[in-house]
Structures are given as C-alpha cells and as structure tokens.
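Counting convention: from 1, in listed order, for ligands and their atoms alike.
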Amino acid sequence: MPQGLIVKALSGYYYVLPEGSKLGQDDLVQCRARGVFKKRGISPLVGDSVKFELTENGEGTVTEIDKRSSEMIRPPIANVDTAMLVFSIVEPVLNLQLLDKFLVHIENTGLEAAICLTKADLINGTAETGSEADSGDDSPESLTAGKEDEAALLASMPEWLQEAIGLYRRIGYPVLLTSSRRAEGVEQVAEYLNGKISVFAGQSGVGKSSLLNAIVAGLDLQTNEISHRLGRGKHTTRHVELIPLVKGGYVADTPGFSQLDFVELEAEYLGSCFREFQPFAEKCKFRGCVHLHEPDCKVREASERGEIALTRYEHYLLFLNEMKEKKRRY
Ligand SMILES: Nc1nc2c(ncn2[C@@H]2O[C@H](COP(=O)(O)OP(=O)(O)OP(=O)(O)O)[C@@H](O)[C@H]2O)c(=O)[nH]1
Ligand SMILES: [Zn+2]
C-alpha cells in the first residue's frame, strides 16, 4: 500500500504527498480519512506519515497512521522535529527573558530547538533602514552569501550580542544569524532545516514570514507592511500546511506557540528545562531541590561562580515565581 506524508488538511480532506515523489501540488493525493478513525476519535494530522489507498476517482483514503514522534496542538502538526525560535536582534530588540521562556517550553515538549536571530542588517552599521519592501531589491550576489561570511558578520556585532550568541551556543543550542533583507545566513537556515519537519516560533514582527520567503523559492507570505496596509492580521483565515524546502525538509507555514504559559509544567520540573543546570542539579543536597534557598544547592552555587549565566538563573527564578503565582490564582 502506498505510503505518504500529509502536508495539508482542509475541509475534511488530507493532502498526501506520496513517498518518493517530487514536490509540487500536482503530486498531492486528495484523501478522506477511513471512517474507523472517527469512531476511535483519531484524526489524521498534517505531518503524519500514512498509508493510503487510491480510489477510482483519483482520490484516496488514508487507511493507516504511523506512530507519531510528537504531536503539537497549536498549530496541530504531528512529528515536528525542530522548533526554530525566531528573534530579531532589534525592532523589537532581542529579549532574552522571552527567549528563555520559549526554550523552557520547547524543552518541556521534547522538541529540538534552534535559535535564529534576524535583522542582522540593522545592527552592523551598513543597514538600509528604509521602510520600503523586503529583500526583493537585493543584488543577486548577496544571495550566495556563505559560511565565511558568518564569522565576519558575527565579528561586526556589538559585544552584548556576541556574548548572548556565545552563551546559547555553549549551552548547546544552534544559533543562526540572518538578514532576510540582505539574504545573509538564510542558506544556513535552509541547511539546518534539511530533513526535518519544523515550525517557526516567535513574537509578531520579528521576521518569520520574511525568513520563510527567503528560504522557500516562490513562496510569498505576506509580511507586516502589507497586512497592516490591508488592515487585517496575516493569520486570520489560514490552514496549516507544510511547505517543502528545496534542500529537503518541511516547514509549517504558520507560527507555533506564540502564547506561552506554564500551566502544564510543575515547578519542580522547571529546572530540568534549563539544560546547563543538569550536571549541577544532580548534585544538589535535596531531591526535588528547586534551587531557590535550599542549603547546598549546586545550581545556585554555580550561578554565583558564574558557571551558570546569571541571566539564565535569574530567568529561572522569575519563571518559578510566575508559576507559583499562577497556581495561587487557580
Ligand atoms: N531590516 C530588516 N527588516 C526585516 C528583516 N526581516 C523582516 N524585516 C521587517 O520586519 C517586519 C516584520 O516582518 P515579518 O516577516 O512580517 O514578521 P513576522 O515575524 O512574520 O510577523 P507576524 O506574522 O506578525 O508574526 C517587516 O516590516 C519586515 O520587512 C530583515 O532581515 N532586516
Ligand atoms: Zn538546587
């Protein structure tokens, strides 16, 4: 029985890209789900790897859903591997507290996380700060910007930013530096996403749509100027769709988790969402230590020695407090 990937779900139809077939809408098989799924309360999701049967009218029926490695609720996508956290360096300025919050959320869901810092052109002095269109007017040369340029780009960044990048890389998160406007660093993003199913996440206005447009040839997602001019939000009438990337892999065309809170997370697990705390947390005197005022807390001690970055520890305390406040309110 043929195997495929659901790349789009719309009005009760599932659009399956048969295994081994090239991209392109023509190859999609429009399928209904087998009746029995409904009875069992299961519904196929975008991202599902499925078996399907072709029916006489050229359509198909999804007959089996392979075991999922992950399941996201908003947006509803199965088998997401990576969350690409998109943060602009400026406009809006990089917010490390929010970044840490996203990271906690992703660690908690068990996805892989990567950080993409956008709008690099606005910070190293040679930016075109005009408010006109996106990357459209870039010269073709700039599109070939490669790896050597990343070191130069990084060196041109202010110290606080270099420090932040160093911090997250040491913790173990890939950090990619881009300018969609100048088509810099976008190749590396595409390479990183190769072979994965990814979602982009990040605040409004950080440049997610611009970045997607830059890495997907022919894609033309609305970016902010346009949607504002039309006086409506961009994501109002959208369905979820996986966009195939030229180099391989798929990315959801809708942003993931922009609303974050910690309802499902217990305070005592918060620490485990800060990766670099782990080697210290194991040695805390008390089991279930929340690294606050407990005696002999190795995490707190490490932050005092600077082995855990102070910002990370402070954000941890802040989130811990938020969680307690929230609990009190419920
Ligand atoms: N200078 C500069 N501006 C950028 C860059 N990328 C995006 N922008 C601008 O930032 C604004 C927001 O970009 P979008 O791509 O719409 O941001 P978004 O994250 O998709 O926003 P939402 O859809 O609201 O979540 C637009 O005015 C873009 O032109 C960049 O690399 N450099
Ligand atoms: Zn502790």
Side-chain angles (χ1 to χ4, degrees), residues 75 84-94 98 102 116-138 142-143 145 153 176-186 189 199-216 219-230 232-236 238 251-259 267-272 274 276-304 307-308 313 316-317 320:
M84 181 61 85
L85 301 186
V86 184
F87 276 74
S88 50
I89 300 166
V90 284
E91 296 182 19
V93 73
L94 178 58
L98 191 65
F102 272 87
C116 179
L117 301 179
T118 62
K119 309 195 188 183
D121 57 285
L122 291 182
I123 194 137
N124 64 350
T126 47
E128 332 148 32
T129 41
S131 56
E132 63 328 330
D134 283 341
S135 49
D137 51 15
D138 274 310
S142 64
L143 292 168
L153 193 57
L176 300 152
L177 208 53
T178 64
S179 163
S180 303
R181 183 150 297 175
R182 288 213 225 120
E184 283 173 340
V186 294
V189 174
V199 291
F200 281 19
Q203 274 174 292
S204 178
V206 294
K208 298 179 294 294
S209 305
S210 305
L211 185 61
L212 274 175
N213 286 338
I215 59 175
V216 182
L219 186 71
D220 195 13
L221 294 180
Q222 281 186 19
T223 54
N224 253 344
E225 299 97 317
I226 302 159
S227 53
H228 286 167
R229 209 176 302 143
L230 296 177
R232 56 183 160 85
K234 281 185 278 183
H235 304 295
T236 42
R238 296 277 288 279
V251 57
D253 71 339
T254 180
F257 30 86
S258 43
Q259 309 248 307
E268 64 180 290
Y269 296 117
L270 181 64
S272 66
F274 284 74
E276 77 278 30
F277 289 10
Q278 293 333 295
F280 303 103
E282 283 164 16
K283 299 194 188 87
C284 287
K285 182 170 181 185
F286 295 104
R287 286 193 56 180
C289 180
V290 294
H291 322 307
L292 194 56
H293 304 300
E294 295 95 333
D296 234 342
C297 169
K298 301 299 176 199
V299 170
R300 200 184 57 240
E301 287 174 15
S303 78
E304 281 159 7
E307 288 172 40
I308 286 175
Y313 182 64
Y316 168 79
L317 295 181
L320 192 65

On a heavy-atom basis, which atom in Val186 and which in Thr178 lie closest, and how many Å separate them? N-CG2, 4.3 Å
Do the side chains of Leu292 and Arg300 get nearer than 4.5 Å, heavy atoms only? no
Indicate the atoms forming the closest heavy-atom contact of Pro92 with Gly205, along with that distance. CD-O, 4.0 Å
Between Gly185, Ser204, Ser209, which one has a non-hydrogen atom sitting closest to atom 24 (O) of ligand 1? Ser204
Between Thr178 and ligand 1, does any nitrogen or oxygen pair lie at a separation below 3.5 Å? no
Do Thr118 and ligand 1 have an N or O pair less than 3.5 Å apart? no
Is any NZ, NE, NH1 or NH2 atom of the basic residue among Asp121 and Lys119 found under 4.0 Å from an Asp or Glu carboxylate oxygen of the other? no
Listed protein N/O/S atoms, distance to the Zn ion (ligand 2) under 2.8 Å: Cys284 SG, Cys289 SG, His291 ND1, Cys297 SG
Ignoring hydrogens and angles, tell me if any N or O in the side chain of Lys208 forms a donor-acceptor pair with the backbone of Gly202 under 3.5 Å. yes
Please report whether ligand 1 has a polar contact with Gly205, defined as an N or O pair separated by less than 3.5 Å (distance criterion only). yes
Leu122, any N or O under 3.5 Å of ligand 1 N or O: no
Output the list of atoms in ligand 1 that are nearer than 4.0 Å to some heavy atom of Ser179, sorted by atom number. 31 (O)
The atoms of ligand 1 lying under 4.0 Å from a heavy atom of Ser210, numbered in the order shown, are 6 (N), 7 (C), 13 (O), 14 (P), 15 (O), 28 (C)
To the nearest 0.5 Å, atom CD of Glu282 lies from atom NZ of Lys298 at 13.0 Å
Main-chain N/O of Ser180 paired with Glu184 side-chain donor or acceptor, under 3.5 Å: no
In terms of relative ring orientation, are Tyr313 and Phe277 parallel, tilted or perpendicular, with 30° and 60° separating the classes? tilted
Do the rings of Tyr316 and His291 sit parallel, tilted or perpendicular, given the 30° and 60° boundaries? tilted
Testing the basics here: between Ile123 and Val90, what is the closest heavy-atom pair and its distance to 0.1 Å? CD1-CG1, 4.1 Å
For Val206, counting its heavy atoms only, list the atoms of ligand 1 lying under 4.0 Å from any of them. 17 (O), 19 (O)
